[in-house]
Amino acid sequence: MPIAEAVGLVFSVKAHEAYYVPVPEKQDEATALIHEFKALLEADNKLWIGQNAKYDSTLMKWYGVDIKGPYFDTMIAHYLCEPDQRHKLDYLTEAYLDYKMVAIEELIGKGKTQLTMRNVKLEKVAEYAGEDADFTLQLKPILEKKLEEMEMTDLYQSIEVPLINVLRDMEFEGVRINPDFLADYSKELEKEILRVEQEVYREAGGPFNIASPKQVGEVLFERMKLPYKGKKSSTGQYVTDVDKLTEMAEEHAIIAKILEYRKFSKLKSTYVDALPTMINPKTGRVHSNFNQARAATGRLASDNPNLQNIPIRDEAGREIRKAFEPRSEDHILLSADYSQIELRLIAEISGDEAMLEAFLSGNDFHKATAAKVYNVPIEEVTADQRRNAKTVNFSITYGAGATNLSRQLGISRKDAKDLIDQYFVQFAGLKRYMDETVAFARSHGYVKTMLGRRRELRDINSRNALASSNAERVAINTPIQGTAADMIKVAMIHIHQAIKEQNLQSRMILQVHDELVFDVYKPELEVIKAIVQDKMPNAIPNLKVPIEVGIGVGNNWLEAH
DNA sequence: ATAGTCACG
DNA sequence: ACGTACGTGACTATA
């Protein structure tokens with residue numbers, strides 16, 4: 001972003017009618033024309049109905065027009081109603097207006113010979129754009145009614161709609177990424193990759209494509225005759241993922257080297273080499289897209305590039321975070337993250353006394369869990385016991401069973417089952433909540449978050465055991481993950497508002513599910529800290545469980561974290 | 001286009 | 001007896 005240049009503006013105020021205004025090709029003339037509409041577009045006494053309003057609003061912002069809303073966004077309305085479906089306009093039009101739209105490819109073709117909208121005859125563009133506006137307008141009352149029937153009008157009006165401009169501004173701001181740092185690191189990784197590659201070839205007795213899972217499987221299990229345990233994939237291939245290879249690392253020195261090769265290649269191709277190409281030449285910054293209508297739980301998703309999966313767990317990977325820098329010497333990065341938010345929300349929602357007590361005591365929660373399930377005083381909890389308890393805590397939010405837990409912890413299935421049984425003895429209220437949630441899902445066909453976000457579970461009463469147990473885990477996980485998503489969205493809206501009201505220069509630039517990152521103007525550091533420490537913990541008021549937020553500051557994202 | 005793999009919360 | 005972890009996006013190989 002600038003994602004594109006404007007070719008035309010299209011308005012519709014009445015069904016079956018639309019008005020198309022071509023925008024000149026010369027950018028100064030384009031800006032001048034768009035500014036003819038500035039007062040209208042910036043008026044806050046009109047409702048702007050749009051399909052993915054953030055897109056149009058962002059485009060206008062690049063032209064210097066600040067659309068304030070309020071909006072009615074058909075894409076987001078539909079996302080709330082049917083979070084597991086698609087939300088594109090052609091789908092909505094077919095599903096709700098029973099009309100098949102003309103595909104954009106019929107206007108501009110596809111592939112190499114694809115034209116831009118500018119090269120299409122005015123009459124055709126006007127017709128196509130007019131349909132867009134008209135259908136969006138017609139969809140509004142339908143989706144508005146659906147939201148009301150599903151009791152999500154408030155969630156929509158007070159969270160999702162206000163979030164549109166918050167995300168727009170975050171994307172517009174972007175983040176500074178240091179390309180020189182990454183170029184140096186790329187060379188280092190290249191050396192490592194070439195070195196490991198030769199070592200793998202030596203162990204294998206000849207070269208092959210290590211990036212091909214198929215060839216890796218054939219080399220390991222056919223040419224080298226290493227023992228293969230377990231099932232093959234659905235397509236009959238050997239599974240060679242990190243779990244499987246780590247399991248058999250003792251078998252041969254080549255295994256660790258293949259994993260090393262994979263690790264370095266992943267870092268280089270997905271992050272180190274890719275991120276600098278995403279720097280916008282006009283702004284010198286990277287403007288990710290935060291998709292508000294993708295994750296069925298209510299979370300955001302980030303793409304082009306995805307800035308929600310930048311490495312941190314691994315030493316070589318976390319190096320990449322050093323490339324994320326504040327905008328200038330006068331700025332500093334601040335990262336604020338919710339501590340164990342999903343576990344706290346399970347405690348809150350289930351009302352489990354023991355769990356609430358553990359959080360209220362302020363003790364290390366995983367340690368407190370270990371003390372309970374192993375029945376030892378908290379001072380005597382071993383590192384292993386704490387680690388196991390942490391994994392159980394984590395697994396619980398996914399509704400995982402004994403098989404998976406045993407695999408995660410490297411213990412027997414029976415020990416894993418005992419652990420889970422003990423866990424539910426200690427946290428009986430949690431067990432009750434999980435059973436009730438599944439029962440609710442079975443009778444109503446959906447589950448909901450604390451703020452009323454819904455997700456339908458079509459398979460919850462399926463006769464297919466695999467399908468129904470999948471749905472049960474989703475039923476347990478969605479209210480937790482979704483409530484955490486609701487909470488951080490509210491916090492983002494409040495923080496954005498405070499920054500605006502106080503005319504601050506600092507900006508919110510990233511959201512990573514339980515973390516917010518700010519590019520802070522140094523003189524405002526204490527003000528921002530205070531705002532964050534007020535808005536994040538108090539996003540959902542009157543909770544029984546304490547909500548804690550950790551803050552870090554630094555000259556790059558790694559330091560700040 | 002799909003599968004496999006792996007990065008994050 | 002057996003078993004499936006929840007939610008994403010990007011890259012590479014392969015059909």
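Just so we're on the same page: letters track the sequence lines, and every chain starts at 1.
Taking a heavy-atom distance under 4.0 Å as the criterion, the stretch of DNA chain C touched by chain A extends 5' to 3' from C/dG3 to C/dT14. The footprint of chain A on DNA chain B, defined by a heavy-atom cutoff below 4.0 Å, extends from B/dA3 to B/dG9.
Residues that satisfy the side chain to side chain contact (heavy atoms under 4.5 Å, CB included) test with A/Val166, not counting sequence neighbours, are A/Leu163, A/Met492, A/Ile493, A/His496, A/Met508. Qualifying side chain to side chain contact (heavy atoms under 4.5 Å, CB included) partners for A/Thr235, counting only residues two or more places apart in sequence or in other chains: A/Ser233, A/Gln237. Remark: A/Lys535 pairs with A/His494, A/Ile495, A/Ala498, A/Ile531 by the side chain to side chain contact (heavy atoms under 4.5 Å, CB included) rule, at least two apart or across chains. Not counting sequence neighbours, the partners of A/Tyr228 by the ring-ring contact (aromatic ring centres under 6.0 Å, His included) test are A/Phe221, A/Tyr238. The ring-ring contact (aromatic ring centres under 6.0 Å, His included) search around A/Phe290 returns none, not counting sequence neighbours. Taking the ring-ring contact (aromatic ring centres under 6.0 Å, His included) definition, one finds that A/His561 meets it with nothing, sequence neighbours left out. Qualifying ring-ring contact (aromatic ring centres under 6.0 Å, His included) partners for A/Tyr271, counting only residues two or more places apart in sequence or in other chains: none.
Residue-level contact check: A/Thr478 touches neither bases nor backbone, having no heavy atom under 4.0 Å from any strand. Using a 4.0 Å heavy-atom criterion, one finds that A/Asn291 contacts no nucleic acid atom at all. Among the protein residues, A/Arg455 comes within range of the sugar-phosphate backbone only, with heavy atoms under 4.0 Å from sugar or phosphate atoms but none that close to a base. At the heavy-atom level, A/Ala485 lies nowhere under 4.0 Å from the strands shown. Contacts of A/Ser212 with the nucleic acid, taken as non-hydrogen atoms under 4.0 Å apart, involve only primed sugar atoms and P, OP1 or OP2. At a threshold of 4.0 angstrom between heavy atoms, the contacts of A/Leu466 are confined to the sugar-phosphate backbone, with no base atom among them. Here A/Ile312 lies in heavy-atom contact (under 4.0 Å) with sugar-phosphate atoms only. At a threshold of 4.0 angstrom between heavy atoms, the contacts of A/Gln237 are confined to the sugar-phosphate backbone, with no base atom among them. Within 4.0 Å (heavy atoms only), A/Asn306 reaches sugar-phosphate atoms of the nucleic acid but no base atom. Residue-level contact check: A/Gln408 touches the bases, meaning some heavy atom is under 4.0 Å from a base atom.
A salt bridge links A/Glu472 with A/Arg442: the closest approach of a Lys/Arg side-chain nitrogen to an acidic carboxylate oxygen falls below 4.0 angstrom. Using a 4.0 Å cut-off between charged side-chain N and carboxylate O, A/Glu218 and A/Arg223 make no salt bridge. Using a 4.0 Å cut-off between a side-chain N of Lys or Arg and a carboxylate O of Asp or Glu, A/Asp418 and A/Lys414 qualify as a salt bridge.
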- Note on the structure: Here DNA chain C, pairs taken as Watson-Crick or G-U under 3.5 Å and shown with ( ), [ ] when crossing and | when to another strand, reads .....|||||||||.

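Using modelled atom types and a 3.5 Å distance limit, the side chains of A/Ser468 and A/Asp459 yield no donor-acceptor pair.
Heavy-atom distances under 4.0 Å link DNA chain B to A/Arg262, A/Lys266, A/Tyr271 of residues 251-276 of chain A, given in residue order.
Below 30°, between 30° and 60°, or above 60°: for A/Phe440 and A/His444 the angle between ring planes is below 30°, a parallel geometry.
When each of A/Lys231 and A/Ala295 is assigned the nucleotide of DNA chain C with its nearest heavy atom, A/Lys231 is the one assigned upstream, toward the 5' end. Each of A/Arg413 and A/Arg473 was matched to the nucleotide of DNA chain C holding its nearest heavy atom; the match closer to the 5' end belongs to A/Arg413.
The only option from A/Arg507, A/Arg285, A/Arg176 that meets the salt bridge (Lys or Arg N to Asp or Glu O under 4.0 Å) definition with A/Asp519 turns out to be A/Arg285.
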Give every donor-acceptor pair under 3.5 Å between a side-chain atom in residues 427-435 of chain A and any protein atom, sequence neighbours left out.
none

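Spacing of P atoms, C/dA5 relative to B/dC6, comes out at 15 Å, to the nearest Å.
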